[in-house]
Protein chains: 2
Amino acid sequence: MKIVIIGSGNVAYHLAKAFHRNQMAISQIFGRNETDLKSISAELQIPFSTTSLMDADLYLICVNDDSIGEVSQIISKENCLVAHTSGSLPKEALRGKFRKASFYPLQTFSKSKALDYSKIPFFVEAENREDSELLKNIALKISKNVMESDYEKRKYIHLTAVFSCNFVNHLFARAKEVSDSQNIPFDYFLPLIDETVSKIHEMEPKLAQTGPAVRNDERVLQIHEALINDEEHLKIYRTMNESIKKMYEL
Amino acid sequence: MKIVIIGSGNVAYHLAKAFHRNQMAISQIFGRNETDLKSISAELQIPFSTTSLMDADLYLICVNDDSIGEVSQIISKENCLVAHTSGSLPKEALRGKFRKASFYPLQTFSKSKALDYSKIPFFVEAENREDSELLKNIALKISKNVMESDYEKRKYIHLTAVFSCNFVNHLFARAKEVSDSQNIPFDYFLPLIDETVSKIHEMEPKLAQTGPAVRNDERVLQIHEALINDEEHLKIYRTMNESIKKMYEL
């Protein structure tokens, strides 16, 4: 079975690497960015091309959401399976006469950052049982957590990820602005952050809540509001505290 | 030098344990809750009392912010040092003729959760250099990260902690409501969350930002808004996305 990866960004790189590590041959990595393709090709010993797409049984399109439709049009072959890796697009975003699918790894990828691929949950969806089993088996070569998920469910998965990953990172970025303003190294907060996350591996986040809002400590909330001199910080501060109070009916 | 811990909650327990592990003798643990005191006393071989406060050189008051003032009044001795462990109160919240201080461990404590004490930053403040050196040396028995910090600075430390710990945990709690609504196990999101935090050990949170808002992906933002049927979720969703867009000038 021939597999081709289209794209040369973070997702393409890490999927290629995960396959490589698990002795799954990738026949080609195809894209526009020759520099990135060359670097992936050299590291993982996968042939690359920027011009001639190889004939394959499965194409994995690992490009930005906005480009998926257009990029998929380069696949003229009909008797093949094509999957994109987006959490927020239906498989019908792919344009062509091939069989369409989704192969969604739930993880945040940075090229420079090593990852334990075996822990990444994969959500797959295809037009028929056979394709869906095929994709599940391929994902199972990488990870233990593989599930089917239609587009409706995938939208909620992505939304949950936005709350628990994207927004969380933004809170770190805003928190760092506060500590920077007082020349307090943000590194001092890493043990606290690590422990906050370590806790929810063992207990429900709702039961792990601490801080002034859940204690309904108006004195501290007032002190903090008086300290904050950035409009966005204040909006976040108020929105989060109000939401905490609502959750605990305070 | 005789040290007494007042209180029997999470902070009292973990401080007592951290001292115990580092061969620092605690002369007594004093409080109201006999059950908790007995349990700490049995585990760490520290004498306890609910009625008779022992004479000591240093009292560490580990009780809720609201009780610190009242609890400190039980210390009638004048020639001693008394420190509270609150991030959000000045040392003057202590009431008495003793020398006042603050001994603030920046961490979230749960009784059942083991901690690496050596990584906890301690912020200390006292009325004079001698007391402040004493507190620093005591903290250094537990941790490598010990700094002086006056009340003004401590308020910002606490505010940073609220953003990067309390609010982050609340995002997890809200995210779990989204995944629960679709019967998606929240455990599936733990590798993503772990990676989100792992990343900021290596790079600036601002540079690690991913997600639809920083891509200015209006299509996905609209899809998510249509999915959300909880008012608090929607408020958080909009506030965080607007703040992300502002930060990156989108």
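Below, read A as the first sequence line, B as the second, and so on, with proteins coming before strands; counting in each chain starts at 1.
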| Taking atom types as modelled and ignoring hydrogens, do the side chains of B/Thr108 and A/Lys199 form a donor-acceptor contact shorter than 3.5 angstrom? | yes

| Contact leader toward chain A among B/Ser198, B/Gly211, B/Pro191, B/Ser243, where contacts are heavy-atom pairs under 4.5 Å | B/Ser243

| With a 4.5 Å heavy-atom cut-off, do B/Tyr188 and A/Phe123 have their side chains touching? | yes

| task | Decide yes or no for A/Leu60 and A/Ile6: does some side-chain heavy atom of the first lie under 4.5 Å from some side-chain heavy atom of the second? | result | no

| Check: B/Thr196 side chain, B/Leu192 main-chain N or O, donor-acceptor pair, under 3.5 Å | yes

| message | Hydrogens and angles aside, do B/Asn33 and B/Ser8 bring a side-chain donor and acceptor to less than 3.5 Å of each other? | response | no

| query | By a 4.5 Å heavy-atom criterion (distance strictly below it), what part of B/Ile223 contacts chain A: side chain, backbone, both, or neither? | reply | side chain

| request: Find the one option among A/Asp66, A/Ile120, A/Leu115 whose heavy-atom pairs under 4.5 Å with chain B are most numerous. | output: A/Leu115

| task | Identify which part of B/Ser149 has an atom lying under 4.5 Å from any heavy atom of chain A, answering side chain, backbone, both or neither. | result | neither

| Hey, are the side chains of B/Leu15 and B/Cys62 touching, using non-hydrogen atoms and a 4.5 Å cut-off? | yes

| query | Under 3.5 Å, side chain of B/Ser72 to main-chain N/O of B/Ile68, donor-acceptor pair present? | reply | yes

| said: Could you check whether any side-chain N or O of A/Ser179 sits under 3.5 Å from a backbone N or O of A/Lys176, counting only pairs where one atom can act as donor and the other as acceptor? | reply: yes

| Where on A/Arg238 is there a heavy atom nearer than 4.5 Å to chain B: the side chain, the backbone, both, or neither? | neither

| said: Less than 4.5 Å to any heavy atom of chain A: does that hold for the side chain of B/Asp116, its backbone, both, or neither? | reply: neither

| said: Need one label for B/Asn64: side chain, backbone, both or neither, based on atoms under 4.5 Å from any heavy atom in chain A. | reply: neither

| field | Pairs of heavy atoms under 4.5 Å with chain A: top-ranked of B/Leu159, B/Thr239, B/Val178 | value | B/Leu159

| task | Could you verify whether a donor N or O on one side chain and an acceptor N or O on the other, from A/Asp194 and B/His201, lie under 3.5 Å apart? | result | yes

| task | Can you tell which part of A/Leu207 gets under 4.5 Å to a heavy atom of chain B, answering side chain, backbone, both or neither? | result | neither

| task | Tell me, for B/Phe122 versus chain A, whether the close heavy atoms (under 4.5 Å) come from the side chain, the backbone, both or neither. | result | neither

| task | Could you check if a side-chain atom of A/Tyr13 sits within less than 4.5 angstrom of a side-chain atom of A/Asp36, using non-hydrogen atoms only? | result | no

| query | By a 4.5 Å heavy-atom criterion (distance strictly below it), what part of A/Pro121 contacts chain B: side chain, backbone, both, or neither? | reply | side chain

| said: Under a 4.5 Å cutoff for heavy-atom pairs, which residue among B/Asn145, B/Val220, B/Ile200, B/Ile228 has the most contacts with chain A? | reply: B/Ile200

| Just by modelled atom types, is the A/Glu232 backbone N or O under 3.5 Å from a matching donor or acceptor in the A/Asp230 side chain? | yes

| task | Give a yes or no on whether the backbone of A/Leu89 and the side-chain of A/Arg154 come within a donor-acceptor separation of less than 3.5 Å. | result | yes

| remark: Whatever's closer than 4.5 Å to a heavy atom in chain A on B/Glu202 counts as side chain

| query | Can you tell if the side chain of B/His224 reaches within under 4.5 Å of the side chain of A/His158, non-hydrogen atoms only? | reply | yes

| request: May I ask you to decide if A/Phe109's main-chain N or O and A/Asn10's side chain share a donor-acceptor pair within less than 3.5 Å? | output: yes

| request: Go through B/His233, B/Met203, B/Lys246, B/Glu195 and name the one with the most non-hydrogen pairs under 4.5 angstrom from chain A. | output: B/Glu195

| task | Determine yes or no for a side-chain-to-main-chain donor-acceptor pair under 3.5 angstrom, with B/His14 supplying the side chain and B/Tyr117 the backbone. | result | no

| Interchain contact, B/Glu231 with chain A, by part (heavy-atom threshold 4.5 Å) | neither

| task | With a 4.5 Å heavy-atom cut-off (strictly below), which parts of residues 160-174 of chain A touch chain B? List them by number. | result | A/Thr160, A/Ala161, A/Val162, A/Phe163, A/Ser164, A/Cys165, A/Asn166, A/Phe167, A/Val168, A/Asn169, A/His170, A/Leu171, A/Phe172, A/Ala173, A/Arg174

| Sub-4.5 Å side-chain heavy-atom contact between B/Glu148 and B/Leu135 | no

| query | Highest number of heavy-atom pairs under 4.5 Å with chain A: which of B/Asp65, B/Thr210, B/Asp187? | reply | B/Thr210

| query | Based on non-hydrogen pairs under 4.5 Å, which of A/Arg219, A/Glu152, A/Glu177 is most in contact with chain B? | reply | A/Arg219

| Tell me, do B/Val11 and B/Val63 make a side-chain contact under 4.5 Å, heavy atoms counted? | no

| query | Among A/Arg215, A/Glu204, A/Lys206, A/Glu242, who wins on heavy-atom pairs under 4.5 Å with chain B? | reply | A/Glu204

| Relative to chain B, which segment of A/Met147 carries a heavy atom at a distance below 4.5 Å: side chain, backbone, both, or neither? | side chain

| query | chain B heavy atoms under 4.5 Å from A/Leu227: which part of the residue, side chain, backbone, both or neither? | reply | both

| field | Option in A/Gln209, A/Lys119, A/Lys235 with maximal non-hydrogen atom pairs under 4.5 Å from chain B | value | A/Gln209

| message | At a 4.5 Å cut-off on heavy atoms, which part of A/Tyr237 comes close to chain B: side chain, backbone, both, or neither? | response | both

| said: Heavy-atom pairs under 4.5 Å with chain B - which of A/Ile157, A/Asn183, A/Val214, A/Asn241 has more of them than the others? | reply: A/Ile157

